[in-house]
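Report on the following structure.
Numbered from 1 within each chain, the chains take letters A, B, ... in sequence-line order. Here the structure is a predicted model, which is why all the values come from computation and not from measurement.
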Amino acid sequence: MDIDVLFFASLRDVVGAASISVQLPVPAGQRELLAVLGERFSDTVMQALQAENVRISVNKTLATQPLSYSDGDEIAFLPPITGG
Amino acid sequence: MDIDVLFFASLRDVVGAASISVQLPVPAGQRELLAVLGERFSDTVMQALQAENVRISVNKTLATQPLSYSDGDEIAFLPPITGG
Amino acid sequence: MHVSVRIQEDDIWVADEYRALRDRMPGTIGAIATFIGLVRDQQADDEVLSLTIEHYPGMTEQSIHTIVESAGQRWPLDDVVIVHRVGELAAHEQIVFVQVAAGHRAAAFAACEFLMDYLKTDAVFWKREATPHQTRWLESSAQDESRARAWKTPDPTEQN
Amino acid sequence: MHVSVRIQEDDIWVADEYRALRDRMPGTIGAIATFIGLVRDQQADDEVLSLTIEHYPGMTEQSIHTIVESAGQRWPLDDVVIVHRVGELAAHEQIVFVQVAAGHRAAAFAACEFLMDYLKTDAVFWKREATPHQTRWLESSAQDESRARAWKTPDPTEQN
């Protein structure tokens, strides 16, 4: 299945792209996603994506583990937020 | 000596005047002022002026007892205030 | 601290007050809290037709400056504007405007609320409310008094 | 409760927001509290050149609506407007505008401050600050987190 993966703010800077498309096996969760990303990105990038303060959203909703992805999902890696 | 006496809000309504001039003996304090006002106003008015929540200002500063008045002073009877 | 206190019969032009603040403002200001009080058209289930506000020229301004000085001693403020109307105001009209600018939001919010609380209890104004059934002079409520008194006790959030 | 939440690159026209509120406002409103956040030109002794704000379209709006709903459940509010800018903002520019109208001032003040506290911690934005020496992504401070958390504990003043 195909999903879109988005990177915001400092994570977009680290990854060097705002979004990528990836193909995942079915079924797939966060472990499968990280495995596919790990083939594409360096250890430095992967460490940044897996930092303790990074949250994951699925289709614009904050997600809690364990995650299970579906075809067409929009996954985002969100570094710490602050507005106002 | 001559002093001006001002009445605000509900007290002006009760007295029927915003300000009056009165002549006081020298020296004079609040007792002498009330005696002079008592000759002019009814018991109803005098009770209103001496209500517990009425404060006195002398020359636009809140006054504390005992008061001692000077020629030309501006005395005001202030009912409970509220702004905002 | 820039301070402006005005008592006026004229309406309050909020947009002009804000523009003037932005024009004179030093750049370290990061937070502006404002409050506008309006004449409510209802009070305790009775329709309010108008509110007539009276002041004691000279003494009223001084009473407000005293409140502003207390706020300035309590929080690091850069700019305070208070405009208070007097005269007869219809329902929905503006009564009072308080604008506080500070470096950070905690001070701006706290000072703005402090100023309003003390305007209710310590500013020399009198208000007469007219409804279809009666005209009466208002007093600050027990609630107003307790809100103002609450500022005199140490506030555990003040360090934030 | 009328609610308007907007994310925009354009500047915020405070005067227009206030006029629109007065136009649509039911008369029982007696209190309007507003907050405006500006880009400070200094941060920890370093000059701030600009602040670049990024959002996640759709998710950001939803995160703010969730915060507004919490405020609406907590206080009786009539009207809430939140306008938040994105893009690159120079020092002194407006970042955020919060306007809360309610019957009485206690609710208006509390809700306005609550909304700002949660915008700091729960709204989906990212901010990058540029100084002459560095560019860095900001995080909400420990102080911001503790201010937002403080609303979750029972507030003894809430009954006032």
Residue selection (most heavy-atom pairs with chain D, distance under 4.5 Å) from C:Val100, C:Val98, C:Ile32
C:Ile32
Among C:Ala31, C:Gly37, C:Ala101, C:Ala108, which residue has the highest count of heavy-atom pairs closer than 4.5 Å to chain D?
C:Ala31
Relative to chain D, which segment of C:Phe35 carries a heavy atom at a distance below 4.5 Å: side chain, backbone, both, or neither?
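For C:Phe35, backbone and side chain are both near chain D.
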Report which part of [X] has an atom under 4.5 Å of a heavy atom belonging to chain C: side chain, backbone, both, or neither.
X: D:Ala91; result: neither
X: D:Glu113; result: both
X: D:Gln94; result: both

Count the heavy-atom pairs under 4.5 Å between each of D:Asp16, D:Val96, D:Val39, D:Ile29 and chain C, then report the option with the highest count.
D:Ile29
Which pair of heavy atoms, one from [X] and one from [Y], lies closest together, and at what distance?
X: D:Asp144; Y: C:Arg105; result: OD1-NH1, 3.3 Å
X: D:His92; Y: C:Arg22; result: O-NH2, 3.2 Å
X: C:Thr28; Y: D:Arg40; result: O-NE, 3.0 Å
X: C:Arg147; Y: D:Ala106; result: NH1-CB, 3.2 Å

From CG (C:Asp117) to CZ (D:Phe109), nearest 0.5 Å:
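Interatomic distance, C:Asp117 CG to D:Phe109 CZ, rounded to 0.5 Å: 7.5 Å.
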Tell me if the CD atom of D:Glu9 is crowded by more than 12 foreign heavy atoms within 6.0 Å.
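Check fails, neighbour count at 12 or below.
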With a 4.5 Å heavy-atom cut-off, do C:Val14 and D:Arg19 have their side chains touching?
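SC-SC contact between C:Val14 and D:Arg19 ruled out.
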